[in-house]
Amino acid sequence: MGRDHHPHCYTIWMAGGGIKGGVSYGETDELGYFVTEKKASVRDLQSTILHLTGLDARKLKVPYQGLDQRLIGPADEDHLLEGVLA
C-alpha cells in the first residue's frame with residue numbers, strides 16, 4: 001500500500017464553473033479510510049467536469065493506436081454527480 005495512503009477514498013476541492021457552493025458530497029468512516037455514503041468513481045468526477053465545460057464525456061474520443069480512446073474508459077459506467085451541480 002505504501003506509507004499508509006488511503007486507496008479507497010479521496011478528497012477534491014472544487015469551486016466555480018457550475019459547482020454548487022458549500023456542498024460536501026459523500027462521507028467516509030471516522031478514519032477517512034472507506035467510503036460510507038455516495039461513493040463516486042474517478043470516471044464520475046471526470047464526466048462531471050467535462051459536462052461543466054460543455055463536453056459530452058461519451059462523445060469525446062481521441063484516436064490512439066487505431067482505437068478511439070475516451071477519458072472515461074470504454075464502458076459507459078460514468079454518472080454525473082448531480083449533487084455538486086448548481
Side-chain angles (χ1 to χ4, degrees):
M1 290 294 189
R3 295 189 314 218
D4 201 27
H5 288 279
H6 301 296
H8 304 289
C9 59
Y10 57 89
T11 301
I12 186 169
W13 188 86
M14 297 170 61
I19 298 294
K20 190 184 303 182
V23 172
S24 178
Y25 186 86
E27 291 185 22
T28 63
D29 61 4
E30 59 201 30
L31 298 175
Y33 204 78
F34 292 103
V35 178
T36 58
E37 289 185 25
K38 297 181 184 176
K39 186 174 184 175
S41 69
V42 173
R43 285 187 178 114
D44 297 340
L45 180 62
Q46 290 171 334
S47 182
T48 302
I49 292 170
L50 288 171
H51 172 76
L52 290 169
T53 59
L55 299 170
D56 186 349
R58 295 182 181 189
K59 291 181 182 176
L60 181 64
K61 299 176 184 178
V62 177
Y64 179 72
Q65 293 185 348
L67 296 173
D68 286 336
Q69 302 290 326
R70 297 187 309 178
L71 185 62
I72 60 170
D76 290 336
E77 298 173 354
D78 63 309
H79 304 287
L80 283 180
L81 301 176
E82 300 284 344
V84 301
L85 300 178

Single-linkage hydrophobic cluster, 4.5 Å side-chain cutoff, Leu45 and Leu85 together:
yes
side-chain hydrogen bond (donor to acceptor under 3.5 Å, both in side chains) filter on Ser41, not counting sequence neighbours, yields Asp44
Closest non-hydrogen contact found for Tyr25 with Val84 is CB-CG1, 3.8 Å
The remaining residues in the hydrophobic cluster of Val35, counting side-chain heavy-atom contacts under 4.5 Å among Ile, Leu, Val, Met, Phe, Trp and Tyr, are none
Apart from Tyr64 itself, its cluster of hydrophobic side chains linked below 4.5 Å comprises none
Residues pairing under salt bridge (charged side-chain N to carboxylate O under 4.0 Å, His left out) where one sits in residues 23-39, two or more places apart or in two chains, turn out to be none
Output for pair (Glu82 CD, Thr48 OG1), nearest 0.5 Å, gives 8.0 Å
Only distances under 3.5 Å count here; give the side-chain donor-acceptor pairs of residues 11-24 to other protein atoms, sequence neighbours excluded, each with its distance to 0.1 Å.
none

Let me check something: any side-chain donor-acceptor pairs from residues 52-62 under 3.5 Å, sequence neighbours excluded? List them with distances.
unit_1: Thr53; atom_1: OG1; unit_2: Ile49; atom_2: O; d: 3.4
unit_1: Thr53; atom_1: OG1; unit_2: Leu50; atom_2: O; d: 2.8
unit_1: Asp56; atom_1: OD1; unit_2: Arg58; atom_2: N; d: 3.1
unit_1: Arg58; atom_1: NE; unit_2: Asp78; atom_2: OD1; d: 3.0
unit_1: Arg58; atom_1: NH2; unit_2: Asp78; atom_2: O; d: 3.3
unit_1: Arg58; atom_1: NH2; unit_2: Asp78; atom_2: OD1; d: 3.0

So the ring-ring contact (aromatic ring centres under 6.0 Å, His included) pairs with at least one residue in residues 34-56 (sequence neighbours excluded) are His8-Phe34
Applying salt bridge (charged side-chain N to carboxylate O under 4.0 Å, His left out) to Glu77 and not counting sequence neighbours gives Arg43
